[in-house]
Amino acid sequence: MKSIKILIYIFIITLAIGCNNSSIQQADTVLLNGKIWTGESDSAFVQAIAINGNKITAIGGDDEIKKLIGSKTRVIDLKKKLVTPGFNDAHTHFLSGSMILSSADLLSTTNLGEMKKALLAYAEKNPEKLWITGRGWQYGFFEGGMPNKKYIDSLIPDRPVFLSAYDGHSGLANSKALALAGITRDTKFSGFGEIVKDANGEPTGAFLEGAQSLVSKVIPKATEQEQLNALRNGMKYAASLGITSAQNANGNVEEYNLYKKLLDMNELTMRFSLGFNVGLKTTENDIADFIKIKNETLNSPWLKGHAIKFMVDGVIESHTAVMLDPYSDIPVNDRAQKKNWNIPPQKYKELVVKLDSAGFQLYTHAIGDLGVRESLNAYEYAAKINGSRDRRPRIEHIEQIQADDIPRFAKLGVLPSMQPIHADPGTVDVWSKAVGEERLPRSFAWQSILNSGATLVYGADWPACISLDPIRGLHNAVNRRTTTGNPATGWVPEQRISLQDALKAYTLNAAIASFDEKQKGKLIPGFLADLVVHSQDLFSIPSMEIHKTKVLLTMVDGKEIFKREGF
Ligand SMILES: [Zn+2]
């Protein structure tokens with residue numbers, strides 16, 4: 001049955017590329033002797049692939065594909081290695097992530113001591129930097145779950161320092177930065193967020209959510225050239241991890257223009273789609289710009305600006321996510337128990353209806369269970385008002401969910417866009433205390449959501465995570481254990497998913513999430529030649545070995561964009 005199907009593929013492709021009966025079109029590239037996971041459920045593995053131009057033109061056994069080798073064909077021996085479709089990261093902040101590669105990268109530090117060491121090393125290595133910026137501290141590094149300027153004042157007293165938490169939702173400034181930003185005990189902030197102050201009313205150096213802008217606005221802005229260079233580095237790094245497409249979960253016209261510039265210079269080595277930020281400050285002019293970009297880019301295989309990103313709440317660690325019931329680690333009458341909407345629900349609903357009717361795909365960041373519920377409500381309402389169409393609205397993160405809301409994803413056609421690395425057990429201490437025992441089974445409920453029939457989509461949320469690496473994501477999706485094996489039985493183990501489902505969430509389902517499933521997410525004829533060769537067979541190794549897998553080769557559009565030495 002399988003070989004008949006393959007012969008049919010070859011036949012169709014032969015017709016499609018206009019050959020006559022006497023000759024078969026030579027392939028530009030063939031990959032032989034591999035274990036190729038096509039992503040098709042009825043014929044999951046083949047040995048070989050042929051590529052012409054930027055597309056896959058045939059798949060099958062070595063013998064069949066060898067017939068397509070001509071004098072100019074490049075032949076790659078896969079040495080029995082596993083090949084999968086390129087990873088498609090469905091939720092990233094690619095420019096901020098790329099900028100971090102040239103700032104103090106604290107994402108891989110695991111405690112306060114390591115963080116301080118990395119920060120100091122960076123400051124010493126970059127004496128010319130007027131500001132020391134960086135990202136990656138975790139709430140659990142600090143007593144009480146929140147940082148204080150005292151931890152960095154003694155390290156770097158003479159230069160301003162501003163460090164974002166790994167999730168980007170909180171920041172830490174030293175005294176020098178507070179002074180330059182003019183922040184004193186009298187400074188007030190009225191938007192979504194907070195200047196954290198101690199019992200005496202003095203700013204501690206910690207900032208929540210939007211209040212971070214009080215400091216970040218005085219940091220000299222990167223030039224366009226610096227940003228373009230950062231993106232070039234970011235793409236290189238992503239290629240080494242097998243990422244061939246990324247969906248940007250925020251952005252503005254300025255950021256879009258950077259990708260457009262790279263595209264025009266023929267320098268994009270990844271495919272991007274963008275969701276533009278919309279909130280209370282968005283103007284009609286902004287929306288007109290977004291509509292223009294959407295209409296111009298809707299069918300581009302490289303760069304689409306077809307989506308809108310809302311944010312209804314914050315994060316659990318700082319008690320800014322909107323929960324139905326009180327947080328477990330603070331008194332019930334604590335000020336932080338107040339439901340902190342980033343956009344008031346009624347206003348959010350109006351914006352959802354309006355932008356949905358303008359033809360955008362909608363993303364909503366919702367982490368708390370009430371935030372998730374309101375997002376589902378708004379999408380349901382928009383469909384009722386604007387009528388049916390293939391709209392694929394998405395909810396980003398969904399860290400807590402009520403049982404009643406789980407079936408609504410499949411029913412309403414809403415895509416759950418989740419990040420397996422956010423549930424790394426090494427990083428959930430502060431998070432778990434805030435959520436409490438009783439709600440734990442509803443944490444990052446991947447398997448329950450899959451069981452309901454929804455299309456689960458994965459990404460990393462880089463740089464709001466400890467690693468951009470999809471392999472680390474797969475490891476956690478399947479194990480819910482740290483790479484060193486903790487906890488032994490897995491953290492909320494009933495929500496682990498199979499490797500096949502996790503891979504799908506990072507490939508085909510991610511392609512569905514950007515309306516690209518007819519050209520990406522599978523390795524079959526007619527699809528774009530975006531693929532990854534892995535050092536280990538993810539399907540046959542013990543699941544705790546997954547994280548050791550390295551990418552050997554990454555191909556985008558039929559071109560090699562990364563090759564590990566020795567392969
Ligand atoms: Zn995000």
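Both counts, for ligands and for their atoms, begin at 1 and track the order of listing. Because the structure is a prediction, the values reported are computed rather than measured.
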So if I apply the side chain to side chain donor-acceptor pair (under 3.5 Å) rule between R271 and each of D530, D516, N88, which one comes out positive? D530
Establish, from distance only, whether the side-chain atoms of Y379 and T364 form a donor-acceptor pair under 3.5 Å. yes
Hey, is the main chain of M418 close enough, under 3.5 Å, to the side chain of H91 for a donor-acceptor pair? no
Under 2.8 Å from the Zn ion (ligand 1), which protein N/O/S atoms are there? H91 NE2, H93 NE2, D461 OD1
Those residues that, when tested against K339, pass salt bridge (charged side-chain N to carboxylate O under 4.0 Å, His left out) (two or more places apart): none
For residues 336-362, the ring pair (Phe, Tyr, Trp, His ring centres under 6.0 Å) pairs (sequence neighbours left out) are F310-Y348
Could you work out, with ring-ring contact (aromatic ring centres under 6.0 Å, His included) as the rule, every residue matching H534, not counting sequence neighbours? F87
